[in-house]
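Down below is the structure, laid out as structure tokens.
Numbered from 1 within each chain, the chains take letters A, B, ... in sequence-line order. The model shown is predicted, which means the values in this text are computed figures rather than measured ones.
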Protein chains: 2
Amino acid sequence: MSSKNFKHDLFDQFARVGKAMSNANRLELLEFLAQGERSVDELAKVSGLSVANTSQHLQQLRQSGLAHSRKQGLKVFYRLSGNDVITLLDALRVVAENHVAEVDKMVNSYLTVKDSLEPIPREELLERVRDGLVTVLDVRPAEEFAAGHVPGAINISLNDLEARLSEIDSTQEIVAYCRGPHCVLAFDAVAQLREKGLTARRLEDGYPEWMVAGLPIEKVS
Amino acid sequence: MSSKNFKHDLFDQFARVGKAMSNANRLELLEFLAQGERSVDELAKVSGLSVANTSQHLQQLRQSGLAHSRKQGLKVFYRLSGNDVITLLDALRVVAENHVAEVDKMVNSYLTVKDSLEPIPREELLERVRDGLVTVLDVRPAEEFAAGHVPGAINISLNDLEARLSEIDSTQEIVAYCRGPHCVLAFDAVAQLREKGLTARRLEDGYPEWMVAGLPIEKVS
DNA sequence: ATAGTATTCAACTAATCACTTGATTAGTGT
DNA sequence: ACACTAATCAAGTGATTAGTTGAATACTAT
């Protein structure tokens with residue numbers, strides 16, 4: 001094999017991974033997979049894609065090395081092939097945030113009051129949880145919460161938030177998080193809570209980033 | 001803007017960055033850009049693509065936010081938009097190495113004697129340079145060397161290596177590096193040096209990674 | 001002005017991609 | 001064996017992509 005071809009073939013392999021991340025629907029599927037293992041029809045439901053389409057996207061993710069699959073009975077479960085994939089997705093997000101003008105514009109315009117929603121970094125949250133100063137609110141669906149969450153967090157999915165508002169200690173600051181740094185659930189939750197007069201902020205990242213950072217996690221047994 | 005659309009639009013923006021990395025030629029251009037600013041025709045020459053094709057790829061990189069351009073006289077110079085792009089490319093490489101079977105196979109088969117070429121990590125090299133134990137060899141072309149290199153490194157491009165072998169202190173271990181973790185120049189250099197009976201190893205990363213890690217660098221003034 | 005160089009633009013072709021639809025395979029429960 | 005469900009496959013459509021070629025633009029030097 002000549003050095004020239006070796007080089008090009010190698011870049012071709014890297015490009016396969018890039019291709020896997022070149023489609024919005026696949027990126028959304030990857031974000032769901034970052035929460036934990038999921039079956040094809042769960043992913044189809046939650047992403048709003050047809051089952052056949054979802055299946056095809058997932059197969060591409062598997063072929064590019066980003067995901068693994070496992071068959072159990074009727075169902076096929078997909079999962080990320082490793083935590084390095086979460087690191088890669090976050091690197092993608094960081095670059096997009098820093099250099100794609102539209103991303104910054106979108107994030108800011110979706111949240112009219114940007115400054116007051118200044119997100120709290122992981123380490124700071126960990127400290128304040130230790131000191132008992134904050135209520136941590138996980139606004140993801142119950143299944144995702146069950147698969148792993150920030151220690152001490154309470155789980156109220158966004159849909160139920162209004163109804164279950166009384167469960168939240170309104171004297172403490174609330175820190176909401178969900179699937180990732182731009183997951184809208186947390187943005188919406190903070191907006192709702194602030195409307196009710198509570199003090200609320202957003203965690204800078206989501207659960208997958210917390211987990212990859214090696215911070216303590218808790219699971220429903 | 002509904003939350004559903006916000007989410008999808010955001011992933012669409014992320015996908016633009018993924019698209020930029022979904023093509024082998026663009027990834028190769030990005031690796032060259034990671035060495036420093038380059039004009040379109042330099043990039044065309046070194047990548048072996050036509051000028052028009054190179055120009056179009058570079059425009060895509062600019063539109064996706066990965067690169068910036070600057071016109072000076074007749075020439076247009078492109079550069080990476082930030083060091084976070086190097087971080088992203090490395091995250092891509094890591095995932096490909098870990099999960100794309102072909103990458104591992106290719107890297108190992110190109111170098112028949114893998115174990116003896118065990119690369120040396122950045123920090124270890126830095127120590128050994130301080131202690132004066134190794135000769136650091138930069139096998140990139142002179143222009144890239146000039147734009148920045150590891151302190152104390154000598155520059156002999158791969159083509160000239162055989163002719164300039166006498167310039168190398170054959171009593172010391174030699175550590176070769178080039179553009180990135182898989183840059184073949186360093187692989188080839190190590191193979192050549194070993195053939196001549198010298199002790200040679202490869203730096204684990206290339207110059208861009210060294211620079212992003214915040215380690216000291218040296219430039220030709 | 002004129003010639004020369006670097007880059008981009010515009011038009012086109014072949015290949016690949018995203019998605020739909022309907023059929024097919026694999027496993028479960030009766 | 002039969003019906004049912006989850007997932008995949010196969011074929012087809014319209015859209016996008018990578019590349020070529022030749023013309024157009026922008027700047028420099030004579």
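For the pair A:L29 CG and C:dC19 P, the interatomic distance rounds to 10 Å; values are reported in whole Å. One atom, CZ of A:R38, and another, C1' of D:dA7, lie 18 Å apart when rounded to the nearest Å. Atom pair B:L49:CG and D:dT20:C1' shows a separation of 12 Å (rounding to whole Å applied). Taking atom CG on A:N25 and atom P on C:dC17, their separation rounds to 15 Å, with Å as the unit. Rounding to whole angstrom units, CG of residue A:L27 and P of C:dC17 are separated by 16 Å. If you measure from atom NZ of A:K75 to atom P of D:dT5, you get 12 Å, rounded to the nearest angstrom. At whole-Å resolution of the value, CG in A:D12 and P in D:dA18 are 12 Å apart. Straight-line distance from the CE atom of B:M21 to the P atom of D:dA18: 14 Å, rounded to whole Å.
Partner of A:D205 under the salt bridge (Lys or Arg N to Asp or Glu O under 4.0 Å) criterion, chosen from A:R179, A:R122, A:R93: A:R122.
The shortest distance between the side-chain N/O atoms of B:N23 and the OP1/OP2 oxygens of D:dA18 is below 4.0 Å. Residue B:S55 places at least one side-chain N or O closer than 4.0 Å to OP1 or OP2 of C:dT8. Between B:Q59 and C:dC9, a side-chain N or O to OP1/OP2 separation shorter than 4.0 Å is present. Contact check, A:H57 against C:dC17: no side-chain N or O comes under 4.0 Å of OP1 or OP2. Within the structure, a side-chain polar atom (N or O) of B:R26 is placed less than 4.0 Å from OP1 or OP2 of D:dA18.
Partners of A:Q60 according to the side chain to side chain contact (heavy atoms under 4.5 Å, CB included) rule, which considers only residues two or more places apart in sequence or in another chain, are A:R26, A:H57.
Note on A:Q60: only backbone sugar-phosphate atoms sit closer than 4.0 angstrom, heavy atoms only; bases stay farther off. Within the 4.0 angstrom heavy-atom criterion, only backbone atoms of the sugar-phosphate kind lie near B:Y78; the bases stay farther away.
Geometrically, A:R202 engages A:F187 in a cation-pi contact defined by less than 6.0 Å to the ring centre and at most 45° from the axis.
Comparing B:V76 and A:S22, the nucleotide of DNA chain C nearest to each residue sits closer to the 5' end for B:V76.
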*Between protein and nucleotides 21-30 of chain C, map the contacts as a letter string: B base, S sugar-phosphate only, - none, heavy atoms under 4.0 Å, written 5' to 3'.*
B----BBS--
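Side-chain contact check for A:F14 versus B:V103: some heavy-atom pair is nearer than 4.5 Å. B:R140 has its side chain within reach of B:H149: a pair of non-hydrogen atoms, C-beta onward, lies under 4.5 Å apart. A 4.5 Å side-chain heavy-atom check between A:M106 and A:H182 finds every atom pair outside the cut-off.
The aromatic rings of B:H99 and A:H68 lie perpendicular to each other, with more than 60° between the two planes, well past the 30° mark.
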